[in-house]
> 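This is the structure I want to talk about, given as structure tokens.
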There are 2 protein chains.
Amino acid sequence: MTTIRDIAKAAEVSVATVSRVLNNNGYVHVDTRARVLKIIKEFNYRPNAVARSLYKKQSNTIALILPDITNPFFPELAKAVEDALNLYGYTLMLCNSDERPLKEREYVEILKQKYVDGVILVSHTLAPEDLERLGLPVVIVDRNVHGKIPTVLSNNIGGARRGTRFLKEKGYKVIAHLRGPENIVTSNERYQGYLDVVADESWFHEGLTAVGNYNMKESVTATKELITKYPEIDAIFSGNDVMGVGAVKAVQEMGKQIPDDIGIIGFDGITLGEMIYPELTTIAQPIYEMGVLAARMLIKLIENKPLNTTFYEFPIKLIERKTTR
Amino acid sequence: MTTIRDIAKAAEVSVATVSRVLNNNGYVHVDTRARVLKIIKEFNYRPNAVARSLYKKQSNTIALILPDITNPFFPELAKAVEDALNLYGYTLMLCNSDERPLKEREYVEILKQKYVDGVILVSHTLAPEDLERLGLPVVIVDRNVHGKIPTVLSNNIGGARRGTRFLKEKGYKVIAHLRGPENIVTSNERYQGYLDVVADESWFHEGLTAVGNYNMKESVTATKELITKYPEIDAIFSGNDVMGVGAVKAVQEMGKQIPDDIGIIGFDGITLGEMIYPELTTIAQPIYEMGVLAARMLIKLIENKPLNTTFYEFPIKLIERKTTR
DNA sequence: TTGAAAGCGCTACCAT
DNA sequence: ATGGTAGCGCTTTCAA
């Protein structure tokens with residue numbers, strides 16, 4: 001490996017000078033500068049990032065902690081984050097927490113040991129107090145934590161209302177809801193939005209909501225039970241697209257027609273919704289933009305630049321596809 | 001931040017001794033050891049990984065370079081790799097190459113600067129020579145590169161034959177093929193396997209193969225064109241599941257019945273295949289196992305342990321679901 | 001069994 | 001405009 005000393009020697013200057021041209025700071029004569037640059041190129045020299053990190057206490061890498069990259073929502077977010085990070089010269093560490101608080105905590109410790117500069121946290125299990133004590137810049141995506149931690153999310157309640165209302169407008173009469181885990185904010189908000197729209201309907205009762213825990217398998221089962229038990233159901237507002245896709249599958253397996261017998265609308269706007277037949281109508285969050293913004297905010301935080309807003313809520317968008325009439 | 005010196009001071013020993021107990025090597029008296037450990041716990045001290053890296057020239061992190069985490073095959077692999085890595089105390093760097101040779105190359109340079117210990121490369125654009133010059137332990141997944149680089153893959157030709165033959169056995173008469181990109185080994189091998197089985201059939205001609213480039217959109221278009229142009233087609237062997245899912249969608253959009261009018265079989269065994277209706281019959285690779293093995297091999301390589309095999313080919317498995325009769 | 005000190009490769013301060 | 005050098009936090013000789 002060639003080091004800064006080798007370059008200094010070859011260019012007949014001190015390491016200090018080489019460091020100066022490397023970092024573009026401090027005075028250095030144009031000629032020496034040129035000479036050093038030439039040698040650097042000749043040797044194809046690249047400064048050692050670890051040595052640099054040790055001194056500067058930062059690593060130009062940030063971590064993305066999420067429950068499970070296998071859940072189709074997260075790769076889309078991860079892609080956005082990576083793209084944005086790259087633009088600013090940062091590198092991405094991927095951490096699956098498996099929703100386990102312990103693993104999440106351990107990860108944070110390891111990250112600190114590695115001088116990781118900051119963390120983007122999606123759907124964490126850490127309490128706000130824990131987060132604030134983290135000793136690491138953090139931005140949260142997709143979970144509304146009540147604290148001073150910068151947060152990026154979308155209008156869940158509004159989106160849920162919009163989706164449910166849309167179903168009504170389309171003439172569906174009895175709208176069921178597939179909800180996510182009970183301990184997750186987005187899930188509760190979406191449920192709330194649904195309630196806001198339907199709670200006063202004559203046909204409404206609590207049995208119309210079933211828990212699908214944001215995953216396919218449970219959603220398929222839940223949907224079948226729901227429809228079997230309450231055959232009057234003719235529409236489903238699903239708390240996320242994954243469950244929505246599960247509902248589509250369940251309904252098809254039961255031999256019913258979509259969107260005529262049953263209309264379905266999801267939430268998230270992941271590409272999975274476009275991969276199935278019929279394509280899933282959904283309340284879309286701007287996932288990519290959210291990821292990019294989170295990355296940008298984190299970088300600002302890291303570089304001690306001011307944040308205009310510490311809390312950003314994106315509007316949602318109704319994408320009408322084929323699972324609604 | 002508390003450092004090794006703080007611990008040394010508090011425990012009234014030298015940093016050398018602390019280092020010894022930290023790393024469990026060299027002689028240290030049981031009592032001093034206990035004392036040091038106690039102080040470490042008291043201070044909740046964690047050694048600085050960067051300083052360690054600088055000295056040892058390794059970082060306990062490995063990188064996974066893949067084309068695009070958004071493609072549903074890769075998250076499953078990434079999950080496996082991460083799980084395995086964690087077991088051995090390694091951490092995962094995620095790098096999307098976007099199939100761009102330049103980005104891939106830049107990444108490798110950055111990784112070297114960071115003392116990343118090794119790389120798992122999926123579907124790279126680097127030539128074997130480049131790889132060998134990399135100066136970094138590498139294992140390749142899913143691409144058969146002819147070199148001495150350790151490789152993990154599955155039996156693509158055999159799998160393709162098996163899948164195509166299966167379609168014949170089920171009584172399908174005219175079998176088309178949706179193939180992947182022409183410059184990718186797995187894609188060519190799967191094509192070859194298809195040819196091996198059908199090339200001598202009276203109905204066979206080259207027009208029955210269409211390029212879907214391993215992605216959904218193109219596969220939908222390609223499938224529709226194929227079926228429109230050659231209405232006698234009654235089965236499709238798809239080079240991967242993503243295209244298979246695309247084919248299912250295309251066929252349904254055309255109003256044909258699966259599996260009666262048209263049978264479809266995919267390749268890969270990703271969970272996406274189970275999310276659609278009807279569920280996709282497929283030639284499954286053991287993706288998780290492949291990821292785990294790749295990680296293990298890489299770690300052995302890094303730790304200079306002997307590798308029993310430098311080339312590992314997994315058997316495939318036919319999973320019969322609902323897109324074939 | 002323990003400690004002193006060199007050194008990993010770099011940055012930044014203080015001189016000159 | 002340039003150089004010398006301390007120091008980032010750790011590991012590992014070498015001596016004691």
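Below, chain A is the first sequence line, B the second, and so on; all start at residue 1.
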> Just the rounded figure in Å: distance from P of D/dT2 to CD of A/Glu12.
13 Å

> Listed in order of residue number, which residues of residues 29-57 of chain B have a non-hydrogen atom at under 4.0 Å from DNA chain C?
B/His29, B/Thr32, B/Leu54, B/Tyr55, B/Lys57

> Taking atom CD of A/Glu303 as the centre, report whether more than 12 heavy atoms of other residues, nucleotides or ligands fall under 6.0 Å from it.
yes

> Please list, in 5' to 3' order, the outermost nucleotides of DNA chain C lying under 4.0 Å from any heavy atom of chain A.
C/dG9 to C/dC13

> Rounded to the nearest angstrom, tell me the gap between atom CG in B/Asp6 and atom P in D/dC8.
11 Å

> Atom CD of B/Gln58 and atom P of D/dT12: how far apart are they, to the nearest Å?
10 Å

> Roughly how far apart are B/Gln285 CD and B/Leu153 CG, rounded to 0.5 Å?
8.5 Å

> Output the rounded distance in Å from CZ (B/Arg5) to P (D/dT11).
13 Å

> Once you round it to whole Å, what is the distance between P of D/dG7 and CD1 of B/Ile4?
18 Å

> Counting any heavy atom closer than 4.0 Å, what does A/Thr3 reach on the DNA or RNA strands: base, sugar-phosphate only, or nothing?
sugar-phosphate

> Note the angle between the end axes of the helix from C/dT1-D/dA16 to C/dT16-D/dA1, five pairs defining each, rounded to 10 degrees.
50°

> What's the separation between atom CG in B/Leu134 and atom CD in B/Glu109, rounded to the nearest 0.5 Å?
8.0 Å

> Would the number of heavy atoms belonging to other residues, nucleotides or ligands and lying under 6.0 Å from OH of A/Tyr312 be above 12?
no

> Would a distance-only check, ignoring hydrogens and angles, find a side-chain to backbone donor-acceptor pair under 3.5 Å from B/Glu82 to A/Asn96?
yes

> Report the distance from atom CG of B/Asn23 to atom C1' of D/dT12, rounded to the nearest whole Å.
10 Å

> State whether the number of non-hydrogen atoms from other residues, nucleotides or ligands found under 6.0 Å of B/Lys112 atom NZ is greater than 12.
yes

> How about B/Arg20 and B/Thr17: do any of their side-chain heavy atoms sit closer than 4.5 Å?
yes

> Could you check A/Asn25 against A/Met1 and say which one's nearest nucleotide on DNA chain C is further toward the 5' end?
A/Met1

> Considering all heavy atoms of both residues, which atom of B/Pro137 and which atom of B/Leu298 are nearest to each other, and what is their separation?
O-CD1, 3.7 Å

> Kindly check if the number of other-residue, nucleotide or ligand heavy atoms within 6.0 Å of CZ (A/Arg35) is above 12?
yes

> What pair of heavy atoms forms the shortest contact from A/Ala78 to A/Ile69, and how long is it?
CB-CD1, 4.2 Å

> Could you check B/Asp268, B/Thr186, B/Asn71 and say which one makes a side-chain hydrogen bond (donor to acceptor under 3.5 Å, both in side chains) with B/Tyr214?
B/Thr186

> Any side-chain N or O of A/Thr17 less than 4.0 Å from the OP1 or OP2 oxygen of D/dG3?
yes

> What nucleotide among D/dT11, D/dG9, D/dT2 has an atom nearest to a side-chain atom of B/Val15?
D/dT11

